Amino acid sequence: MPSCRSNKTFAERLLNWWDQHGRHDLPWQQSRSAYRIWVAEIMLQQTQVATVLHYYQLFLQRFPDLQTLACCDVDAVMSAWSGLGYYRRAVNLQRTAQLCLQQHAGKLPDTAEQLLQLPGIGRSTANAIISQSQDAVLPILDGNLKRVLARHAGIPGWPGDKQVEQALWQAAIERLPAQRGADYSQACMDLGASLCSRHKPACNDCPVATDCRACAEQIQTQLPGRKPRQPKTVRQMQLLVHRQADQVLLEKRPATGIWASMWCLPEGLQQPETGAVLMQFSHELSHVSLRIKAVQMPYTAPHMVREGQLQWYAREEALRLGLPKPVRDILQQLPVHH
DNA sequence: AACACGGGGCT
DNA sequence: AGCCCAGTGTT
């Protein structure tokens, strides 16, 4: 509980600041359409506003409503998502649209509890959608809030730790206003994205600095606590480049593991394949460093192409599929075939 | 609790 | 080069 030297609450001071200095012109703030807010919230998971803006407009033009999204080919959704990363979000987005058609009369459900049952929507996103679409007072806890609250409440430790996360949710709940839920959620995120930044927080201009624990102790940049460093394992991966005129051979990956269910260059066996090494580079995942070797294969026997698993794609067509980054890079640098 | 996802921004 | 982010789902 913040000590109240000021006679105004945390939320009152934050809302006053936001009215004067906050962002009010973002595309997803212009309506209370649950569909448009939902799409924005999913895109904004682990992706910054500047990146989302462009994709968001194009996505809504292509999929203007829930039914359009539910009924299109999943490859069309992946194509619209291409370059945003975290492609599971796109698959879950369409799956949720289809579930809404089947189970919720073609609309997104209007309670956080029901939203939480849908794929790709967790506690924070469920509350954010209801908060924005119904102006409800609900706590959210994204990366910005974790930073703001860890500092204001003086909560040590890494937010990925369950106990720390629990303390942060509690701090979020304690600071909620009685009204203006939608504005308050936006204000919290705006504060974290601007004044209360990771480095160089602008505490002199901050509306809640007077009772901020981190500011009082001058430990702003030490909160929130860092993730414990863990050594990455190294894994070799051979990606095979089979060509046939202007086409390349792609493989649909299994539903689990790295790049689940995505189209990819076929993965080679551990022993060296016979063929020229086209490219060699490293791709970093959270716990693995992939050492990727792209190998040009001299010949593809027709019987090797099993229906459903492997498929020939024109290179330009393949590049529109929404491929893993390393695969996109390999295809883009492929020499033109003669 | 650990892992998978991923491009981009920042120091 | 390392760290972080408008997180969630799977194992």
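In this text the structure is predicted, and so the values were computed from the model without any measurement. Residue numbering restarts at 1 for every chain, and letters A, B, ... go by the order of the sequence lines.
- Under 4.0 angstrom from either OP1 or OP2 of C:dT8 there lies no side-chain N or O belonging to A:S124.
- Taking atom C1' on both C:dA6 and B:dT11, the two are 22 Å apart, rounded to the nearest angstrom.
- Comparing A:D161 and A:K200 against DNA chain B, the residue whose closest nucleotide sits nearer the 5' end is A:D161.
- Of the candidates A:L278, A:V295, A:I292, A:I292 is the only one forming a side chain to side chain contact (heavy atoms under 4.5 Å, CB included) with A:L239.
- The structure places CZ of A:R243 at 14.5 Å from CE of A:M297, a figure rounded to the nearest 0.5 Å.
- Minimum heavy-atom separation, A:A171 to A:I155: CB-CD1, 4.1 Å.
- Put simply, CG on A:L108 and CD1 on A:I129 are 6.5 Å apart, with the number rounded to the nearest 0.5 Å.
- Across C:dC4, C:dA6, C:dT8, the shortest atom-to-atom separation from the side chain of A:D190 is found for C:dA6.
- Map A:W28 and A:G120 each onto its nearest nucleotide of DNA chain C; the residue landing nearer the 5' end is A:W28.
- Rounded to an integer number of Å, the gap from A:N92 CG to C:dT10 C1' is 11 Å.
- Nearest heavy-atom pair across A:C100 and A:L118 is SG-CD1, 4.2 Å.
- Rounded to the nearest 0.5 Å, atoms CE (A:M43) and OG1 (A:T51) are 11.5 Å apart.
- Listed by residue number, the members of residues 126-145 of chain A with any heavy atom below 4.0 angstrom from DNA chain B form an empty set.
- Placement of A:L66 and A:Y56 within a single hydrophobic cluster is found when ILVMFWY residues are connected by side-chain heavy-atom separations under 4.5 Å, directly or transitively.
- Contact between the side-chain N/O atoms of A:R88 and the OP1/OP2 oxygens of B:dA4 is not found at any separation under 4.0 Å.
- Straight-line distance between the P atoms of B:dC5 and C:dA1: roughly 23 Å, to the nearest whole Å.
- Judged by the 6.0 Å distance and 45° axis criteria, A:R123 is positioned over the aromatic ring of A:W169.
- A side-chain N or O of A:R147 and one of A:N144 form a donor-acceptor pair less than 3.5 Å apart.
- Backbone-only contact: A:G83 has heavy atoms under 4.0 Å from sugar-phosphate atoms and none from a base.
- Residue A:T125 places its side chain closer to C:dG7 than to any other of C:dG7, C:dG9, C:dC5.
- One can place NE2 of A:H199 at 9 Å from C1' of B:dG9, the figure rounded to the nearest angstrom.
- C:dC4 atom C1' lies 16 Å from atom CG of A:L44, rounded to whole Å.
- Looking at heavy-atom distances under 4.0 Å, A:P324 makes no contact with the nucleic acid at all.
- With rounding to the nearest 0.5 angstrom, the CG atom of A:L191 is 13.0 Å from the CH2 atom of A:W18.
- Within a heavy-atom distance below 4.0 Å of DNA chain B, the residues of residues 47-58 of chain A found are A:T47, A:Q48, A:T51.
- Among the nucleotides C:dT8, C:dC5, C:dA6, the one closest to any side-chain atom of A:Q45 is C:dT8.
- Across the protein-nucleic acid pair, A:M43 atom CE and B:dG7 atom C1' stand 14 Å apart, rounded to whole Å.
- The side chain of A:R226 has C:dC3 as its nearest neighbour among C:dC5, C:dC3, B:dC5.
- Atom CG in A:L26 sits about 11 Å away from atom C1' in C:dA6, given to the nearest Å.
- The interatomic distance linking A:I42 (CD1) with C:dG7 (C1') rounds to 9 Å, in whole Å.
- Atom CH2 in A:W38 sits about 17 Å away from atom P in C:dG7, given to the nearest Å.
- Taking every side-chain heavy atom of A:K162 into account, B:dA1 is the closest of B:dA1, B:dC5, C:dA6.
- Residue contacts for A:W81: at a heavy-atom cut-off of 4.0 Å it reaches no nucleic acid atom on any strand shown.
- Among the heavy atoms of the strands, none lies under 4.0 Å from A:E41.
- Contact annotation: A:R89 side-chain N/O to C:dG7 OP1/OP2 distance is not under 4.0 Å.
- Hydrophobic clustering of Ile, Leu, Val, Met, Phe, Trp and Tyr side chains at less than 4.5 Å, counting indirect connections, keeps A:M189 apart from A:Y184.
- Spacing between atom CH2 of A:W18 and atom P of C:dA6 amounts to 17 Å, rounded to whole angstrom units.
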